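What follows is a single structure, written as structure tokens, with notes after it.
Everything quoted here is computed from the prediction, not taken from an experiment. Read the numbers this way: they start at 1 and go in the same order the structure lists the ligands and their atoms. Residue numbers start at 1 and run along the sequence shown.
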Amino acid sequence: MKKPTAKVLVNLSLDRCFDYLVPEHLAGKVKVGMKVTVPFGKSNSLREAYVVALGSIGEEEAGKYKDIFEICKNFPALSDNMVLLAEWMADYYCCAREVAVRALLPGAVRSGKVREKTKKVYFLPDTAKALAYMKENPRAKGKNAVLQSLLQRSGTDKEYILFDAKVSPGVLEELVKLSLVSFEEIVVEREFSHARGIVRSAPRQPTEEQAKALKVIYEKMDGQNPEGPHTVLLHGVTASGKTEVYLQAIAHAAEQGKEAIVLVPEISLTPQTVERFRSRFGDMVSVLHSGLTDLERYEEWMKVHSGKVKIAVGARSALFAPFRNLGLIVVDEEHDSSYKQSEAPRYNARDVAVLRGKLENCTVILGSATPSLESYKNALDGKYTLCEMKKRTDEHIVLPEVKIIDMRLETDDEGKRPVFSKFLIEAVEKRIAMGEQSILFFNLRGYARKLVCTACGEYKAECPECSVAYTYHKRAGVLRCPRCGATVLAPEKCPLCGSGELKYTGVGTEKIENISFDVFKGARIARMDSDAMTTPRKYEEVLSSFRRGETDILVGTQMIAKGLHFPNVTLVGLVNADIGLNMPDFRAFERGFQLITQVAGRAGRGEVPGEVLVQTTLPFNPAVCCAANHDFQGFYKEEIQIREELQYPPFGHLMTVHFDGEDPSRVMEEALALMEKVLPFKDASTIYEEPASAHFERIKGKYRFMAVFRAGNLAPLRRALRKEIFTGAYKRKGVDIYVDVDALSLL
Ligand code: ADP
Ligand code: ZN
Ligand code: ZN
């Protein structure tokens, strides 16, 4: 006789599975994806665990195993595909299995602990008694009014009763004391207030390019070419109507009775974007964003799980929405770096989306105006199907003209390089005069980048934990560390020599705003960056007043680079394109190209053609020139050559192994010890860079070291690392070790 067993993952970062017997009373009930409790360790304390596989063993062996204790209630089991997906993520991204499983579930769903929002509803426990009271006490007008109200509408809340009977809360309380009225606490069904008052939008007649793309997508969704790739790369210039393509493809999935997931970068999960999905699909849409409370997140997840909604729109983690009959996954702005999670599991939602699509046998659309080199190469290599949309939907609305302004030729009265070129100043003034709007884009926050003492020349304001210069935020009067976020009061005098001759250098958005007030006298100027946008309401306020035309100039960081649609913006100035291009990182040009293109895409979305000014000291940089010419292919050709020569992604994979700790020599010792163990697993073609100090040498007091591997196939090495890191015998006191597979940068 065989006995049924279950393989479970215990919630403890051990990266190991354990076998348990399925006791008789649970026979047939334990399924893959369920959460159970099991006695664990010597103390047999109960722990939560996920079932990842079922099996059986011979009776003679059964004595060695413990029984599963019970199945956790209120936990919706993961589908087999999700369990497989987690397994794949653990293997590919080199993390513990439990950590991968955890990524699939919002915290509140995992713990099952949510505080439910309740409200009291009032009713009459005994109608006859109430009527008798009314008859006997005709002068108790207030009380009678309440009873009358409840006679007509039993089960209403306090607000309604008080409003209806026009009495004070005390009257209701007295009635409760007299047992004439009772109440019950009920769980509040969340109101879909956001779905109300939205004008339904009908699908638009597709343009020729949209129709072509949709044909390809429908063919895949209808399974007409099962051998072909299941992923479409939709490369469309800004405002070419990509979102409309997504909407129609989702409708196609819905017609087939299937579900859809739409991923957008968190930063572009604006009310404007969400409204487009809601206005087409109403309550069928669940929106998952970072602003949700635990309870809301739990509820949204349950709505997906129970089939109440068919479409999930959200940032990275929405990829794991527990649909069981997926027809489509859309990844908008697929190149966006926010799809990569910075803590374990360090997954890229774009890549996992492609994998989930494969597992669930559903179509995946990756959309972008500036595809990542990885995705574009995959498309050229035939792994994805390429669809291109080169025109904006409205033929009158041409792509904006991009002018490069060579800042090396600009000097101010003192012979220094100014922040704004003469050309940019004139262009903005012209827009103000014509009642049009401008956006000035600058990718660094704060007022000044550095604070030094000119008297002693010794003092530099630096974060002691990270050894980098503090950023100065003038309005708040504070210094902030750009790495760890630590904030201190800005000094009035030099802490070393006591002099007041403190000098602030380097520009941030706050300074740009200040300079704008000086230069554009009388203009209405607003700033939008994460310092100014302390609440979502503030964000909406600034945006709506800009939309209403009450602001002439909007100054901001990348927060304003994406997704926003303002028809009256006819000028966009990129104040300093060099910031990103000068980063010592292999993706610096790619990011620069993407940034200029995105920013430029904000201009001229209405009737008046737009103009874009790019201020740079690198006017011949391919990222700048190609972006100015709206030439993605040109940029791709230049950049892909460099990547191939240097063997950087998309040629092969890039994996970094990080070692962080307070004592640099200990960290190095550990790093070398681990490398010695895993190096035998790398193949001859692997490029290996030994552990060395990382570009950002210290963060939060910890020294950072990093080893780098680049190769076509890193699987054996990854597996060796995972084994060593999670089950390695040697002690690693005080050193954090983690692996970043397909790392986005080397900084
Ligand atoms: P993208 O996502 O590529 O930036 P959008 O989908 O936002 O482009 O489309 C840009 C604008 O064109 C939007 O205002 C949208 O409503 C409009 N639009 C999209 N498709 C069509 C169409 N087929 N006919 C007319 N207008 C369209
Ligand atoms: Zn000093
Ligand atoms: Zn710091």
Among all protein non-hydrogen atoms, which one is nearest to atom 27 (C) of ligand 1, and what is the separation to 0.1 Å? R204 CD, 3.4 Å
Relative to the heavy atoms of Q205, which atoms of ligand 1 are at a distance of less than 4.0 Å? 22 (C), 23 (N), 24 (N)
Would you please classify the geometry between the H252 ring and the Y218 ring as parallel, tilted or perpendicular, with 30° and 60° separating the classes? parallel
May I ask you to decide if the ring planes of H658 and Y738 are parallel, tilted or perpendicular, using 30° and 60° as cut-offs? parallel
Below 4.0 angstrom from a heavy atom of T207, which ligand 1 atoms are there? Numbered from 1 as shown, please. 23 (N)
Under a 3.5 Å threshold, yes or no: a donor from one side chain and an acceptor from the other, between S438 and R431? no
Return the residue, atom name and 0.1 Å-rounded distance of the protein heavy atom closest to atom 8 (O) of ligand 1. G241 N, 3.0 Å
Among protein heavy atoms, which sits nearest to atom 1 (P) of ligand 1, and what does the distance come to when rounded to 0.1 Å? K242 N, 3.5 Å
Taking the Zn ion (ligand 2) as the vertex, how big is the angle to SG in C453 and SG in C494, rounded to 10°? 110°
Hey, what's the angle at the Zn ion (ligand 3) spanning SG (C484) and SG (C466), nearest 10 degrees? 110°
Would you call the rings of Y504 and Y447 parallel, tilted or perpendicular, where under 30° means parallel and over 60° means perpendicular? perpendicular
Considering only protein heavy atoms, which is closest to atom 2 (O) of ligand 1, and at what distance to one decimal place? T243 OG1, 2.7 Å
Do we see a donor-acceptor contact under 3.5 Å between the side chains of E333 and S368? no
Which label fits F635 and F593: parallel for a plane angle under 30°, tilted from 30 to 60°, or perpendicular past 60°? parallel
Around atom 17 (C) of ligand 1, find the nearest protein heavy atom and jot down its residue, atom name and distance. T393 OG1, 3.7 Å
Please write down residue, atom name and distance for the protein heavy atom closest to atom 20 (N) of ligand 1. Q210 NE2, 3.0 Å
For ligand 1, which atoms sit closer than 4.0 Å to a heavy atom of E244? 6 (O), 19 (C), 20 (N)
When you measure from the heavy atoms of M389 to every atom of ligand 1, does any distance fall below 4.0 Å? no
Given A239, G601, S201, P206, which one has a non-hydrogen atom that is nearest to atom 10 (C) of ligand 1? A239
Do side-chain atoms of K242 reach the backbone of G236 as a donor and acceptor pair under 3.5 angstrom? yes
Examine the proximity of ligand 1 to R276 and report which part, side chain or backbone, both or neither, has a heavy atom under 4.0 Å away. side chain
Report yes or no: is the cationic atom of R698 (NZ for Lys, CZ for Arg) under 6.0 Å from the centre of the six-membered ring of Y703, at an angle within 45° of the ring normal? yes
Tell me whether the NZ or CZ atom of R483 lies within the 45° cone about the ring axis of F696 and under 6.0 Å from its centre. yes
